[in-house]
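Quick notes on the structure that follows.
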Amino acid sequence: MIGSDERNSTTQEVADELRRRSAFVMVSHVKPDGDTLGAGLALGIALKRLGKRVAYFQQDPVPRNLRFLPDTSFVSREVPADFPPDALYVFCDMSDYTRAGEFLPKIDRANMLDIDHHLGNSHFGAFNFVIPSECSTGTVVVHLLRELGVEIDREIATCLLTTIMTDTGGFMHSNTTPEVLELSAELIRAGADKEEITEEIFANKRVAATRLLGRVIDEMTFAHDGRYCYSFVDDRMLAETRADGEDTEDVVNVLRSQEYVEVAALFKDIEGELRVSLRSNGRVNVQAAAKRLGGGGHFRASGLTYHGSLKDAFAAVESALVAEGL
Ligand code: AMP
Ligand code: MN
Ligand code: MN
């Protein structure tokens, strides 16, 4: 139930706060995906329709496959200098504000709203609206739009359907409930172009990305009777295939979808940072495994940043997964 977590504000309390403030900064997480950005854009556009001032803060550039979304030309790694001190910073799709990156200016907790669907969200805001049962942060935002009485027009619907299609893997993951499909139908009726979204976020693969995928597949290792599959990407592989970090996004799902594989891990050792993506078929809780190493996420999809060598990361992640029942 919405608001049943006592650390959450109610839908009405959050809507009242949104009505009360005049300026907003929508904040998305580093290495942005269609959920963090789409949720912020949907709510940002809705607030503009209500006459509010809205800016979008995102440390990293808008990924190529999300540039089709409305308002992305306003996304910046700076907050406009003339923004009022009581602007509300709306963090979308992150279990802690640190996921917004180190470029984010220091913000009083009183000016933080945390909208999310991750397990283990730290409830870092003065206002928290966290619903882990929702498939995307975008569908959490829908509760607020309904409370505010904002019409879901074509632009907002496009952003919202993008959040759903991103976080359900194009309606394939287990979070694709009948309610999600009903809402998606409503969004398509409101003008969201499902075919365009599919094409933009799932097709359009660069040849470099496919070459990189080939290299990652060559490096696949299977363990635990074939239940665990892992591989890695490093700077050399990127240079040799002319791919970049954005081209690694879906690769971990290929590893998870191999026969008998229950848990997959992709180690991304890129530009001095080692990020690990974990995926599960639903038996092992990879959010709990990631949390052991300082990361987080969802039961079936999680991630972490590892401080150490690739070899040590392989061992540490495997131990964490074993501790969670691999
Ligand atoms: P990814 O593998 O990057 O697609 O991330 C999968 C899930 O794990 C997403 O829900 C992320 O928000 C979460 N996640 C990834 N990296 C981290 C991290 N370093 N700390 C907390 N959560 C993370
Ligand atoms: Mn996300
Ligand atoms: Mn999400």
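Residue numbers run from 1 in the order of the sequence given. Start at 1 and go down the list; that is how both ligands and their atoms are numbered.
Among protein heavy atoms, the minimum distance from atom 4 (O) of ligand 1 is reached at Arg279 NH2, 2.9 Å. Protein heavy atom in closest approach to atom 13 (C) of ligand 1: Gly296 O, 3.4 Å. Ranking protein heavy atoms by distance to atom 3 (O) of ligand 1, first place goes to Ser277 OG, 3.8 Å. Nearest to atom 10 (O) of ligand 1 among the protein's heavy atoms is His118 NE2, 2.7 Å. The nearest protein atom to atom 11 (C) of ligand 1, hydrogens excluded, is given as Arg99 NH2, 3.7 Å; this is a heavy-atom distance. Of all protein heavy atoms, the one closest to atom 15 (C) of ligand 1 is Gly303 CA, 3.4 Å.
Below 4.0 Å from some heavy atom of Thr305 lie the following atoms of ligand 1, by number and element: 19 (N).
Other cluster members for Phe91: Val25, Val27, Phe57, Val79, Phe83, Tyr89, Met94, Tyr97, Phe103, Leu104, Ile107, Met112, Phe124, joined by side-chain heavy-atom distances under 4.5 Å among Ile, Leu, Val, Met, Phe, Trp and Tyr.
Inspection of the environment of the Mn ion (ligand 3) yields the following protein N, O or S atoms under 2.8 Å: Asp35 OD2, Asp93 OD1, His117 NE2, Asp167 OD2.
A distance-only check finds no donor-acceptor pair linking the side chain of Ser95 to the backbone of Gly296 [under 3.5 Å]. Within the 3.5 Å criterion, the main-chain N or O of Thr210 finds no donor-acceptor partner in the side chain of Lys205.
Atom CZ of Arg154 has 12 or fewer heavy atoms from other residues, nucleotides or ligands within 6.0 Å. Open room surrounds CZ on Arg242; 12 or fewer heavy atoms of other groups in view lie less than 6.0 Å from it. Atom OH of Tyr260 has 12 or fewer neighbouring heavy atoms from other residues, nucleotides or ligands inside a 6.0 Å radius.
Distances from the Mn ion (ligand 2) to the N/O/S atoms of His29 are shortest for NE2.
Of all the heavy atoms of His298, the ones lying under 4.0 Å from any atom of ligand 1 belong exclusively to the side chain. At a heavy-atom distance under 4.0 Å, only backbone atoms of Leu304 (N, CA, C or O) approach ligand 1.
Note on Lys48 versus Asp71: salt bridge recorded, some NZ/NE/NH1/NH2 to OD/OE distance being below 4.0 Å.
A donor and an acceptor atom, one from each side chain of Asp33 and Thr166, are nowhere located under 3.5 Å apart.
With Phe267 as reference, Phe314 is the one residue of Phe314, Phe232, Tyr306 to meet the ring pair (Phe, Tyr, Trp, His ring centres under 6.0 Å) rule.
Residues Val180 and Val130 do not share a hydrophobic cluster, defined by chaining ILVMFWY side chains whose heavy atoms lie under 4.5 Å apart.
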Start with the C-alpha distance between Thr137 and Asp93, add both sets of side-chain angles, then the distance that settles side-chain hydrogen bond (donor to acceptor under 3.5 Å, both in side chains), and finish with yes or no. CA-CA 6 Å; Thr137 300; Asp93 195 43; 3.0 Å; yes
